[in-house]
There are 2 protein chains.
Amino acid sequence: MAKRPKLNRRPDTPIEQELGSVEVALTPPERFEEYLQSKGKRNTPQRRYMVTHVFNQHEHFDADTLIDQLPRKNEPNYISRPTVYRTLAELVESGLLRKFELEGRAVYEHDYGYPQHDHLHCEKCGELFEFHNEDIAELCQNIAQKNNFRMQSHRLLISGICSKCNQPRQRRRSRLDRI
Amino acid sequence: MAKRPKLNRRPDTPIEQELGSVEVALTPPERFEEYLQSKGKRNTPQRRYMVTHVFNQHEHFDADTLIDQLPRKNEPNYISRPTVYRTLAELVESGLLRKFELEGRAVYEHDYGYPQHDHLHCEKCGELFEFHNEDIAELCQNIAQKNNFRMQSHRLLISGICSKCNQPRQRRRSRLDRI
DNA sequence: TCTCTTTTTGAGATCCTTTATCAATAGGCC
DNA sequence: GGCCTATTGATAAAGGATCTCAAAAAGAGA
């Protein structure tokens, strides 16, 4: 099993192609600023940098992957590890990001302006794939109702082997084979 | 939010009542021994003790809860922390237990001899409730197929507020009220 | 039963992710 | 600009899970 899951989508399958997007009134930085103001929090350079950076790409990511992408210590716009974690929590609380857990690590993805979806997880290559299904939420709602539960959200993870990993590894034909 | 989720089912709702059970040919210890032999592993007292203990109760549990229940150091049948983790991994690998993650911790539950199910999680009291739904697995299978995915398992978690926590806290009537 | 080989165990250290502490810094409102 | 308070970064530490390795023990064969 991979020590650390691949959380980046393949560059040839941008997420917009897969699931489209949802109309929103404000850009993520605007939305975040609104949230901060409503909470009496301050709009710092670190928070501005992070919200912009995070919404400039669509991949799933974990804290470490994100920190790798941010400026390092002694570079301009450096953001310390605690601040990264703190700001991630705020982005989740504000509804901009969603957080879930995979293989013992917290994974984040866009929520604001992004359609509801669930995930397929390849146990071989560790990749996460998104899918959208209309029926799931309704099914969950029914189940919750039957159990006198007030549902707030659901999380469905389908584990298995993706098509790429499932292909039998082709024997590479040598020059001799082709004679 | 609770620092540590309650993983124990309430004593008045034993799991058999909720979901029944599945007929199996071997007892869990027998099944585990079979697995060990097939892997050329040895049947040690520690492994026997753990498989017996774990299947003597039906609750979900995490490693720490389990260790609390096991004999402590300098008592008979003490099992060290690394061995507990090692054996849990073997119980999962053998198909006796299922492992999943909740609030950053690994949680284990019976798999062998126990019907397929998913969970409701109360965000307030942290309790886990099980439910069985016939349609989910089929739905997942369809989704997997559409995505050229070879499904191995799924995991559905419905989060919300349980009926108990959802009840408006009744004002306790004082003696004076009743006059 | 004894011996031998190999697995397993337990003590302790260590890893890894995430969070807490706290003094110094800097927003934002007057 | 000045003040008050939130925020940051350095550092330590919490917490779960795993690694290392010498000692112990299981199982196979004699």
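Throughout, protein chains are lettered first and strands after them, A, B, ... in sequence-line order, and every chain is numbered starting at 1. Since the structure is predicted, the reported quantities are computational estimates derived from the model, not experimental observations.
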Output, in order, the C-alpha distance, side-chain angles, deciding distance and verdict of salt bridge (charged side-chain N to carboxylate O under 4.0 Å, His left out) for A:Asp64 and A:Arg81.
-> CA-CA 9 Å; A:Asp64 246 39; A:Arg81 181 171 289 270; 3.2 Å; yes

Rounded off to whole Å, could you give me the [atom1]-to-[atom2] distance for the [X] and [N] pair?
| X | N | atom1 | atom2 | answer |
| --- | --- | --- | --- | --- |
| B:Leu36 | C:dT8 | CG | C1' | 12 Å |
| A:Arg48 | C:dG27 | CZ | C1' | 10 Å |
| A:Phe61 | C:dT17 | CZ | P | 15 Å |
| B:Leu66 | D:dG16 | CG | P | 14 Å |
| A:Phe100 | C:dT18 | CZ | P | 13 Å |
| A:Gln37 | C:dG27 | CD | P | 15 Å |
| B:Glu90 | D:dT18 | CD | P | 12 Å |
| A:Tyr78 | D:dG9 | OH | P | 7 Å |

Position toward the 5' end of DNA chain D (nearest nucleotide), B:Tyr108 or A:Arg47 =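 Final value for this comparison: A:Arg47.
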
Toward the 5' end of DNA chain D, by each residue's nearest nucleotide, B:Asn43 or B:Ala63 =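 Looking at the nearest nucleotide for each, B:Ala63 comes out on the 5' side.
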
Residue closer to the 5' end of DNA chain C, B:Gly40 versus B:Thr83 (nearest nucleotide) =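 Per heavy-atom nearest nucleotide, the more 5' residue is B:Gly40.
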
Phosphate-side-chain proximity, [X] and [N], N/O vs OP1/OP2 below 4.0 Å:
| X | N | value |
| --- | --- | --- |
| A:Thr44 | D:dT8 | yes |
| B:Ser80 | C:dT9 | no |
| A:Gln46 | D:dG9 | yes |
| B:Tyr85 | D:dT18 | no |

Enter the distance from A:Phe32:CZ to A:Thr52:OG1 here, rounded to the nearest 0.5 Å.
->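 A:Phe32 CZ to A:Thr52 OG1: 10.0 Å, rounded to 0.5 Å.
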
Is the closest side-chain heavy-atom distance between B:Arg47 and B:Leu36 below 4.5 Å?
->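 Side-chain contact under 4.5 Å: yes.
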
When you measure from the centre of the six-membered ring of B:Tyr112, is the NZ or CZ of B:Arg31 under 6.0 Å away and within 45° of the axis?
->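 The answer is yes; both the distance and angle limits are met.
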
Which nucleotide in the set D:dG16, C:dT8, D:dA10 lies at the smallest distance from any side-chain heavy atom of B:Lys41?
->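 Closest nucleotide to the B:Lys41 side chain: C:dT8.
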
What's the closest nucleotide to the B:Ala106 side chain, out of D:dG16, C:dG10, D:dA17?
->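 For B:Ala106, the side-chain atoms sit closest to D:dA17.
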
Does a donor on one side chain sit under 3.5 Å from an acceptor on the other, for B:His60 and B:Glu130?
->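 Their side chains do contain a donor-acceptor pair, which is all the 3.5 Å distance test asks for.
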
Kindly indicate whether the side chain of A:Arg86 and the base of D:dG9 share any N or O donor-acceptor pair separated by less than 3.5 Å?
->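 It does, because a donor-acceptor pair links the side chain of A:Arg86 to the base of D:dG9 below 3.5 Å.
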
Can you find a donor-acceptor N/O pair under 3.5 angstrom joining the side chain of B:Arg42 to the base of C:dT6?
->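 Yes, a donor-acceptor pair under 3.5 Å.
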
